[in-house]
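Step one of this worksheet: look at the structure below.
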Amino acid sequence: MSGDEQEPSSYYVGVDVGTGSVRAALVDQRGLLLAFADQPITKWEPQFNHHEQSSEDIWAACCVVTKKVVQGIDLSRIRGLGFDATCSLVVLDKQFRPLPVNYEGDFHRNIIMWLDHRAISQVQRINETKHSVLQYVGGLMSVEMQAPKLLWLKENLRETCWDKAGHFFDLPDFLSWKATGVTARSLCSLVCKWTYSAEKGWDDSFWKMIGLEDFVADNYSKIGNQVLPPAASLGSGLTPEAARELGLPVGIAVAASLIDAHAGGLGVIGADVTGHGLSCEGQPVTSRLAVICGTSSCHMGISKDPIFVPGVWGPYFSAMVPGFWLNEGGQSVTGKLIDHVVQGHAAFPELQAKATARCQSVYAYLNSHLDLIKKAQPVGFLTVDLHVWPDFHGNRSPLADLTLKGMVTGLTLSQDLDDLAILYLATVQAIAFGTRFIIEAMEAAGHSISTLFLCGGLSKNPLFVQMHADITGMPVVLSQEVESVLVGAAILGACASGDFASVQEAMARMSKAGKVVFPRHEDKKYYDKKYRVFRKLVEHQKEYSAIMNGD
């Protein structure tokens with residue numbers, strides 16, 4: 001490993017494409033962020049459950065942020081570039097031009113976003129096949145994976161899209177192709193979202209069974225027949241054209257990419273926790289659960305041997321940390337749900353005005369308002385009569401039921417700021433109860449988890465973090481570097497450059513533990529009761545559904 005410890009000689013650029021923005025960071029060999037930039041990207045929702053983006057818009061945003069983070073930097077010290085992105089589906093023709101994924105024929109909108117639920121009929125038919133590949137996605141495929149979306153395109157946009165398509169990319173792989181001209185796919189994307197097996201490759205019988213035999217006929221050239229592990233160096237590095245657009249040196253190493261949540265996992269799960277008094281210090285890395293919480297939340301647990309968890313994706317071999325099996329739980333909407341609940345309340349304009357007057361975010365204001373109204377009791381006890389089931393966009397894990405809806409019980413006629421603050425608190429708690437539900441499913445199947453490692457936008461909210469500690473009964477480790485997903489992307493670039501011998505070495509050197517939040521064990525009895533109510537809510541919802549759908 002080159003470089004003086006005092007003055008690191010090498011820099012890496014990490015680019016993270018999230019749901020609403022592209023972010024980039026310049027990171028050194030110690031995992032410290034030296035520069036950060038972000039740029040919003042456009043989203044379209046032409047009809048309910050249809051969510052689209054533009055690959056040209058996203059690439060342009062990547063170029064804006066990379067140029068910003070390297071301003072004034074000695075470019076010769078930049079050694080590698082890593083990308084992560086949401087697992088959205090990018091469609092290009094045989095000449096790599098965008099194709100429309102919409103009825104309007106707008107080719108600019110050539111991405112079906114990860115949270116798009118248009119392919120409900122298709123995923124139900126895929127799950128009815130009970131094909132053996134489904135055991136690697138928790139027994140039921142999610143509508144958010146790529147096979148149902150591909151089938152939807154074939155059945156709905158045959159002439160304008162399907163017949164003209166030359167390339168279907170996961171968004172992280174599209175970005176690495178734009179940077180290098182290499183169409184090789186990352187093992188992470190293909191294993192986690194496309195049913196590829198790290199050991200056996202593609203399963204011809206699955207694609208034939210679901211009506212997408214087209215891929216088998218052309219040897220999977222449209223979806224990827226060259227597959228590389230995450231952090232592998234691609235081709236000859238950054239092409240002259242991409243280097244000019246990104247403002248980076250020609251030929252620097254570009255890594256095979258990761259999905260954004262997996263980059264977050266890479267950025268936190270290997271952190272050194274020495275001196276914090278945590279049980280996981282003397283335990284294997286498999287005792288840690290990385291929770292990447294932003295628009296949605298992903299729960300990443302790794303194991304030495306494959307563990308099959310009903311309703312939880314995986315096990316995926318080497319999809320995040322080389323040599324380990326990954327299980328991925330998730331909640332389809334978390335940050336998006338909190339926004340939805342808060343912004344839809346009658347008191348939101350008042351909240352906005354008061355938060356602006358104090359130069360605070362609405363959530364910082366709500367947190368301080370909760371402290372004001374809690375009086376002598378712990379803040380969490382304000383929701384004794386208010387309970388939320390958070391599946392407003394279906395359940396990803398551990399029930400894998402996209403038909404489930406959100407529920408709130410305990411509403412009154414109040415519409416004031418106190419009412420909004422308590423509903424916000426109940427929603428945050430519901431998300432934490434969902435995490436506890438996922439952990440219980442993973443532990444029942446064979447995982448042994450003692451500590452949570454949180455990153456992503458919601459990890460910056462102290463109430464969200466404390467509720468996760470209190471409700472799971474586990475300590476929560478926050479990264480020293482709050483932008484852990486970008487550190488994960490930079491780790492990819494660092495490994496591709498050859499500056500580290502392995503991903504594990506780079507993780508150990510570049511990710512560090514920051515604050516540790518411990519659970520308030522004295523509140524355990526209260527949260528155990530709330531959790532019993534939480535589990536009853538979904539039982540009741542299923543009973544209501546059975547009544548309404550009965551004779």
Side-chain angles (χ1 to χ4, degrees), residues 52-56 58-59 83 85-102 105 107-114 116 118-119 122-123 125-126 129 131 133 137 141 143-198 200-229 232 234-235 256-257 259 319:
E52 297 166 6
Q53 285 179 319
S54 157
S55 63
E56 291 178 340
I58 287 172
W59 182 251
F83 291 98
T86 64
C87 48
S88 299
L89 177 66
V90 184
V91 187
L92 305 176
D93 70 12
K94 294 169 182 68
Q95 286 76 45
F96 296 95
R97 295 173 305 206
L99 284 171
V101 295
N102 47 75
F107 68 89
H108 190 61
R109 289 154 36 205
N110 67 316
I111 296 177
I112 299 180
M113 290 181 69
W114 65 269
D116 185 293
R118 70 182 67 181
Q122 288 75 16
V123 80
R125 280 179 274 141
I126 289 169
T129 67
H131 193 282
V133 300
V137 291
M141 181 170 284
V143 70
E144 293 170 11
M145 291 182 174
Q146 307 301 17
K149 291 172 179 170
L150 292 163
L151 188 55
W152 186 93
L153 288 172
K154 182 175 181 178
E155 292 177 352
N156 290 274
L157 299 176
R158 183 113 198 193
E159 290 180 13
T160 55
C161 179
W162 185 261
D163 289 345
K164 296 177 180 176
H167 308 274
F168 298 98
F169 283 105
D170 222 74
L171 181 53
D173 290 326
F174 165 81
L175 297 170
S176 58
W177 164 73
K178 279 291 281 186
T180 63
V182 175
T183 58
R185 307 306 206 270
S186 167
L187 186 68
C188 173
S189 296
L190 291 199
V191 167
C192 295
K193 306 298 171 189
W194 298 71
T195 75
Y196 186 85
S197 163
K200 302 174 192 165
W202 295 111
D203 188 318
D204 294 356
S205 66
F206 170 72
W207 297 101
K208 289 174 181 174
M209 188 179 282
I210 68 168
L212 293 177
E213 61 286 338
D214 325 40
F215 294 140
V216 183
D218 71 3
N219 192 31
Y220 301 98
S221 65
K222 291 181 182 178
I223 60 173
N225 52 22
Q226 186 190 358
V227 186
L228 294 171
L234 291 168
S257 57
I259 297 166

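Along the sequence shown, residues are numbered consecutively beginning with 1.
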Exercise. How long is the span from the OG atom in S88 to the CD1 atom in I112, to the nearest 0.5 Å?
Worked result: 9.5 Å

Problem set entry | Distance in Å, I58 CD1 paired with T86 OG1, rounded so as to fall on 0.5 Å steps | 6.5 Å

For this session: Kindly say whether V91 contributes a backbone atom to a donor-acceptor pair with the side chain of N110 at under 3.5 angstrom?
Result: yes

Exercise. Between F215 and W202, is the ring centre distance below 6.0 Å?
Worked result: no

For this session: Compute whether any side-chain donor of one residue and acceptor of the other, for N219 and S221, lie under 3.5 angstrom apart.
Result: no

Exercise. So, do F168 and W162 have ring centers that fall under 6.0 Å from each other?
Worked result: yes

Problem set entry | Salt-bridge criterion met for K154 and E213 (N-O under 4.0 Å) | yes

Exercise. So, N102 side chain and R109 main chain: donor-acceptor pair closer than 3.5 Å or not?
Worked result: yes

Problem set entry | Point-to-point distance, once rounded to the nearest 0.5 Å, from CZ of R185 to OH of Y196 | 11.5 Å

Exercise. Do the ring planes of H167 and F169 sit parallel (below 30°), tilted (30 to 60°) or perpendicular (above 60°)?
Worked result: parallel

Exercise. Side chains of L151 and R125: closer than 4.5 Å at any heavy-atom pair?
Worked result: yes

Exercise. In this structure, which one of V227, D173, L228, I259 forms a side-chain contact (heavy atoms from CB on, under 4.5 Å) with C188?
Worked result: I259

Problem set entry | Working for side-chain contact (heavy atoms from CB on, under 4.5 Å), residues W152 and L157 | CA-CA 8 Å; W152 186 93; L157 299 176; 3.6 Å; yes

For this session: Measure the CG-OG distance between L190 and S197 for me, rounded to the nearest 0.5 Å.
Result: 11.0 Å

For this session: Could you tell me the separation between the CZ atom of F83 and the CG atom of L234, rounded to the nearest 0.5 Å?
Result: 10.0 Å

For this session: Taking all heavy atoms of L171 and all of A85, pick out the closest pair and write down the distance.
Result: CG-CB, 3.7 Å

For this session: Over 60° means perpendicular and under 30° means parallel, so classify the ring planes of F96 and W177, tilted if in between.
Result: parallel

For this session: Working to the nearest 0.5 Å, report the span between NZ of K178 and CD of E56.
Result: 7.5 Å

